[in-house]
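Report on the structure given below.
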Protein chains: 2
Amino acid sequence: MKKSELPDIQQNGGAQLMFDMLNEIGIIAQLSRTLLESRLGDGLTQHHFGALNHLVRLGDGRTPLEMARAFQVPKTSMSHTLAGLEKRELIRMVPNPEDGRGKLIYLTTAGRQLRDNAINTITPDIVAMLPQFGEEDASAVLPLLRKLRVQLDSARD
Amino acid sequence: MKKSELPDIQQNGGAQLMFDMLNEIGIIAQLSRTLLESRLGDGLTQHHFGALNHLVRLGDGRTPLEMARAFQVPKTSMSHTLAGLEKRELIRMVPNPEDGRGKLIYLTTAGRQLRDNAINTITPDIVAMLPQFGEEDASAVLPLLRKLRVQLDSARD
DNA sequence: ATCATATAGTACGATATCGAATCAAACAAG
DNA sequence: CTTGTTTGATTCGATATCGTACTATATGAT
């Protein structure tokens with residue numbers, strides 16, 4: 001058996017680089033998720049916060065499917081997340097007047113407040129991290145991450 | 001009410017940058033996880049693969065707790081993941097001869113093969129992505145991601 | 001030796017994730 | 001209109017995640 005037949009990613013230097021990068025990204029995502037959720041309390045998850053934040057930033061009155069696509073999650077997952085938010089009265093779901101099958105999602109006052117509180121709670125952690133990480137580095141990395149995200153996104157079947 | 005009292009992350013330019021970066025990282029992690037798991041089949045998750053890969057790369061005979069720490073997950077989660085791997089006979093769990101409370105995790109032949117197959121299956125996708133993304137950019141981003149990961153990691157309580 | 005405390009791991013319960021199946025409404029073709 | 005297909009959303013079931021509580025062993029102090 002030749003050495004080159006071994007499934008050894010070390011032999012594909014470039015692939016190794018990408019593997020390592022995606023691995024670091026996975027760990028960072030894991031850590032920041034844990035950090036966020038420890039600040040949110042209740043049973044709120046990253047997805048709950050993400051949905052609220054999305055509605056604040058891009059405006060509410062969106063459909064669940066639209067949100068599922070924005071977050072790259074299956075629509076069943078979004079359905080569940082929205083049900084959790086509705087149960088806590090952080091959003092309202094009303095029938096879509098333009099499509100009898102659909103719904104539209106609106107923030108409640110409590111929903112906006114919870115999102116604002118969460119941001120106020122977390123921002124100091126983020127701000128404290130910035131000078132340590134380096135604002136220049138952050139500025140440099142962000143566009144590259146966007147490029148990678150777009151690329152991965154379009155590689156989806 | 002003054003405008004500056006609004007909880008608006010736009011007013012903290014630096015924080016916004018970090019938020020956006022972590023957001024992109026979260027989406028990329030999500031996409032690459034989905035990609036990986038679609039290639040793994042069965043009910044195998046990212047964590048299952050990660051555990052097998054860890055054991056191959058750093059050597060087996062490790063303890064569950066050690067692995068939980070390496071992956072930044074609670075030990076109960078690691079316990080569940082390892083139980084899934086053992087049920088599929090991809091690992092063996094034996095009592096730790098040096099600690100009556102503990103166990104040691106060993107790969108089975110099937111476990112090694114599954115990990116190797118997974119890597120062989122995924123590598124072409126990764127390699128195809130590299131020239132598009134740019135090897136230079138990847139080399140530039142990786143150390144910065146490591147720095148961010150280390151920083152987030154040490155910020156954990 | 002005894003007892004208190006710490007540590008490795010598991011059991012269990014609440015909730016989350018997500019694919020398959022389902023249902024209702026919209027739409028398209030004739 | 002009628003029928004077939006597509007689309008928005010939910011239900012259901014299997015599995016995952018993770019906090020709390022628990023068991024068993026180890027360790028440290030006296």
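Residue numbers begin at 1 in each chain, while the letters A, B, ... track the order of the sequences.
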Assign each of Thr63(A) and Arg33(A) the nucleotide of DNA chain D bearing its closest heavy atom; nearer the 5' end lies the nucleotide of Thr63(A)

Sorted by chain and residue number, the salt bridge (Lys or Arg N to Asp or Glu O under 4.0 Å) partners of Asp99(A) (sequence neighbours excluded) come out as Arg101(A)

Across all chains, not counting sequence neighbours, the salt bridge (Lys or Arg N to Asp or Glu O under 4.0 Å) partners of Lys147(A) are Asp137(B)

Across all chains, not counting sequence neighbours, the side-chain hydrogen bond (donor to acceptor under 3.5 Å, both in side chains) partners of Glu24(B) are Arg146(A), Arg149(A)

Taken in chain and number order and not counting sequence neighbours, the residues that satisfy side-chain hydrogen bond (donor to acceptor under 3.5 Å, both in side chains) with Gln132(A) are none

Let me know the distance between [atom1] of [X] and [atom2] of [N], rounded to the nearest Å.
X	N	atom1	atom2	answer
Asp99(B)	dA24(D)	CG	C1'	11 Å
Leu65(A)	dA24(C)	CG	P	19 Å
Glu98(B)	dA8(C)	CD	P	14 Å
Leu44(B)	dG19(C)	CG	P	15 Å
Met67(A)	dG8(D)	CE	C1'	15 Å
Asn96(A)	dT7(D)	CG	C1'	13 Å
Leu40(A)	dG19(D)	CG	P	14 Å
Glu37(B)	dT17(D)	CD	C1'	13 Å

By ring pair (Phe, Tyr, Trp, His ring centres under 6.0 Å), His47(A) pairs with (sequence neighbours left out) none

Separation between CG (Leu31(B)) and CD (Gln151(A)), nearest 0.5 Å, reads 11.5 Å

OP1, OP2 of dC18(D) versus side-chain N and O of Ser77(B): anything below 4.0 Å?
-> yes

With B for base contact, S for sugar-phosphate-only contact and - for none (protein heavy atoms under 4.0 Å), nucleotides 10-15 of chain D reads BB----

- request: Give a yes-or-no answer on whether the side chains of Asp20(B) and Gln16(B) include a donor-acceptor pair shorter than 3.5 Å.
  value: yes

Of the listed dC18(D), dA6(C), dG8(D), the closest approach to the Arg101(A) side chain comes from dG8(D)

Assert: residue with more 5' nearest nucleotide on DNA chain C, out of Val73(A) and Gly102(B), is Gly102(B)

